[in-house]
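Notes to accompany the following structure.
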Amino acid sequence: MNLGLAGRVALVNGASQGIGYGIAHTLAEEGARVAVAARRTPALVAAADRIARETGAEIFPVQCDIRRAEDCERVVAETVRRFGALHAVVNNDGAPPLGGLLDFDDEAWRKAVEQNLMSVVRLTRAAVPHMKTAGGGGIVNITAISMLEPKPGFGLSAATWAAVMGFAKTASLELGRDRITINTIAPGLVETPRLHKVTEQSGKVMGDFAAGIPLGRVGTPADIAALVALLVSPRGAYITGTTIPVDGGLLASLR
Ligand SMILES: NC(=O)c1ccc[n+]([C@@H]2O[C@H](COP(=O)([O-])OP(=O)(O)OC[C@H]3O[C@@H](n4cnc5c(N)ncnc54)[C@H](OP(=O)(O)O)[C@@H]3O)[C@@H](O)[C@H]2O)c1
């Protein structure tokens, strides 16, 4: 199936490594022009160079911290200045710290809200006018299945991503007539530098995680990227307002 992404412009946040990198790589393989964003410039530029070399696509690195309001506006503006349009935005980054809900003070909660919720609000607000000009577009939020099946210790993420789900559902109702879709992906366990760190810290190996997953393996960034590519493409234009787990069957629930 040709997704019809050739020549389209995508902005992928948190794209210097892990899931975001995999998404940017896949969109570039599909012929999109891709702006990639992250905080640390050297790693970001290296990632952009590698994607450009391996796919032949035009990749534009933009340093930004999506916890900062002005950076959210700037990353969208710079993408449009460089490529002349914007059709797709992928909201992705790191995650707030783990720990007991009642152990976090207001400042930790404020940071989590800025990172997980306000980044999505601000990037959507900045991107939508350009998508309207382009005649439509697709927004995808990357969260986690811990939002759908909360676990002790993941409360900062679960609470703020639940708000993202509410935002995305409402936005899908308000933006549908402009042919702008917004969907949320809830990954299970995905092999990234972040998961390697968690594995090391907990004294486990990757195989320990794989054992509990019905499909028998930890996911890859490409597993997540394949769905993102469909959702932001013209072929996925009738899918909006959904939350889709991509988890190898890990979430044991009918919803
Ligand atoms: N890996 C998993 O198993 C898994 C499972 C479910 C959900 N998730 C979620 O998926 C997302 C990506 O996870 P990952 O494993 O790919 O993480 P990762 O390997 O740590 O990569 C995170 C990326 O986001 C960038 N980033 C972090 N904070 C940022 C900020 N404030 N502004 C801009 N860029 C930022 C990082 O670069 P800089 O540090 O240079 O900014 C990096 O490029 C996270 O929200 C995570 O919770 C992951």
Side-chain angles (χ1 to χ4, degrees), residues 11-26 34-48 50-51 61-76 78 89-98 110-120 122-123 140-151 153-161 164 184-202 204 206 208-210 212-213 217-225 227-228 243-248 250-251:
L11 164 61
V12 183
N13 292 291
S16 61
Q17 65 178 40
I19 292 173
Y21 176 86
I23 293 168
H25 199 286
T26 294
V34 187
V36 290
R39 291 168 301 180
R40 290 165 298 157
T41 303
L44 179 65
V45 169
R50 191 167 155 210
I51 297 171
V62 188
Q63 189 282 335
C64 99
D65 182 344
I66 61 164
R67 286 173 305 187
R68 297 161 61 102
E70 60 274 24
D71 279 19
C72 291
E73 285 181 18
R74 181 176 52 79
V75 72
V76 168
E78 286 192 25
V89 172
V90 181
N91 295 316
N92 168 71
D93 58 20
L98 303 182
R110 192 193 60 74
K111 280 186 182 164
V113 169
E114 292 288 326
Q115 176 160 16
N116 278 4
L117 173 63
M118 290 313 296
S119 61
V120 173
R122 290 166 177 149
L123 287 161
V140 176
N141 310 310
I142 304 299
T143 60
I145 55 166
S146 58
M147 168 191 67
L148 300 171
E149 188 183 35
K151 288 188 169 35
F154 287 79
L156 284 184
S157 292
T160 48
W161 275 332
V164 168
T184 302
I185 295 180
L189 291 161
V190 183
E191 189 165 354
T192 66
R194 178 184 161 75
L195 188 61
H196 276 288
K197 208 155 118 193
V198 173
T199 309
E200 274 166 31
Q201 282 167 357
S202 56
K204 292 184 174 170
M206 227 24 103
D208 296 337
F209 293 127
I213 299 171
R217 66 173 176 86
V218 168
T220 65
D223 291 323
I224 310 300
L227 178 58
V228 173
T243 297
I244 307 176
V246 180
D247 63 352
L250 186 57
L251 183 68

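As the structure lists them, so they are numbered: ligands from 1, and atoms in each ligand from 1.
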Checklist entry - Do any N or O atoms from the side chain of Q63 and from the backbone of R39 form a donor-acceptor pair under 3.5 angstrom? => result yes
Checklist entry - Which ligand 1 atoms does A95 reach within 4.0 Å, using its non-hydrogen atoms? => result 47 (O)
Checklist entry - Under 3.5 Å, is there a donor-acceptor pair linking the side chains of N91 and N141? => result yes
Checklist entry - Rounded to the nearest 0.5 Å, how far does CD of E114 lie from SG of C72? => result 9.0 Å
Checklist entry - Can you check whether S157's main-chain N or O pairs, donor with acceptor, with T160's side chain at less than 3.5 Å? => result yes
Checklist outcome for this item: To atom 40 (O) of ligand 1, the nearest of Q115, R40, Q17 on a heavy-atom basis is R40
Next on the checklist: Once rounded to the nearest 0.5 Å, what's the spacing between atom CE of M118 and atom CZ of R110?
Outcome noted: 11.5 Å
Checklist entry - Looking at CZ of R122 and CZ of R68, how far apart are the two atoms once the value is rounded to the nearest 0.5 Å? => result 11.0 Å
Checklist outcome for this item: Nearest non-hydrogen protein atom to atom 34 (N) of ligand 1, with distance, is A38 CA, 3.6 Å
Next on the checklist: Is there a polar contact between ligand 1 and I19, counting only N or O atoms under 3.5 Å apart?
Outcome noted: yes
Item to check | For N92, the ligand 1 atoms whose distance to one of its heavy atoms is below 4.0 Å | outcome: 10 (O), 11 (C), 12 (C)
Item to check | N13 (side chain) donor-acceptor with A38 (main chain) under 3.5 angstrom | outcome: no
Checklist entry - Nearest protein heavy-atom contact for atom 3 (O) of ligand 1: which residue, which atom, what distance? => result V190 N, 2.7 Å
Next on the checklist: Could you tell me, atom by atom, which parts of ligand 1 come under 4.0 Å of a heavy atom of L189?
Outcome noted: 3 (O)
Checklist entry - At a 4.0 Å cut-off, with the gap strictly under it, does some heavy atom of F154 reach an atom of ligand 1? => result no
Checklist entry - Has G188 got any heavy atom lying under 4.0 angstrom from an atom of ligand 1? => result yes
Checklist entry - Below 4.0 Å from any atom of ligand 1, is there a heavy atom belonging to D71? => result no
Checklist entry - Can you list the atoms of ligand 1 that are under 4.0 Å from a heavy atom of I142? => result 10 (O)
Checklist entry - Which is closest to atom 8 (N) of ligand 1 by heavy-atom distance: V218, T143, N13? => result T143
Next on the checklist: For the backbone of I142 and the side chain of T184, can you confirm whether one donor and one acceptor N or O come within less than 3.5 Å of each other?
Outcome noted: no
Checklist outcome for this item: In this structure, atom 39 (O) of ligand 1 is nearest to the protein heavy atom R39 NH2, 2.9 Å
Checklist entry - For ligand 1, which atoms sit closer than 4.0 Å to a heavy atom of S16? => result 37 (O), 42 (C), 43 (O)
Checklist entry - Can you list the ligand 1 atoms lying under 4.0 Å from a non-hydrogen atom of W161? => result 45 (O), 47 (O)
Checklist entry - Among G94, A37, G20, A43, whose heavy atom sits nearest atom 45 (O) of ligand 1? => result G94
Checklist entry - Does the pair R217/D223 count as a salt bridge with the N-to-O cut at 4.0 Å? => result yes
Checklist outcome for this item: Between the CD1 atom in I185 and the CG atom in D247, the distance rounded to the nearest 0.5 Å is 11.5 Å
Item to check | Check: T243 and M147 side chains under 4.5 Å, non-hydrogen atoms | outcome: yes
Item to check | Heavy atom of the protein closest to atom 23 (C) of ligand 1 (residue, atom name, distance) | outcome: G14 O, 3.4 Å
Next on the checklist: Under a 4.0 angstrom heavy-atom cut-off, which atoms of ligand 1 come close to A15?
Outcome noted: 43 (O)
Next on the checklist: How long is the straight-line distance from CH2 of W161 back to CD1 of I145, given to the nearest 0.5 Å?
Outcome noted: 11.0 Å
Checklist outcome for this item: for atom 32 (N) of ligand 1, nearest protein heavy atom and its distance come out as I66 N, 3.0 Å
Checklist entry - Roughly how far apart are F209 CZ and L250 CG, rounded to 0.5 Å? => result 10.5 Å
Checklist entry - What's the shortest distance from atom 33 (C) of ligand 1 to any protein heavy atom, and which residue and atom give it? => result C64 O, 3.3 Å
Item to check | Residue R50 excluded, over 12 heavy atoms near CZ under 6.0 Å | outcome: no
Item to check | For T192, the ligand 1 atoms whose distance to one of its heavy atoms is below 4.0 Å | outcome: 1 (N), 14 (P), 15 (O), 16 (O), 19 (O)
Next on the checklist: For atom 12 (C) of ligand 1, which of the options D93, D65, V36, V12 provides the nearest non-hydrogen atom?
Outcome noted: D93
Checklist outcome for this item: Among H196, K197, R194, R68, the residue with a heavy atom nearest to atom 17 (O) of ligand 1 is R194
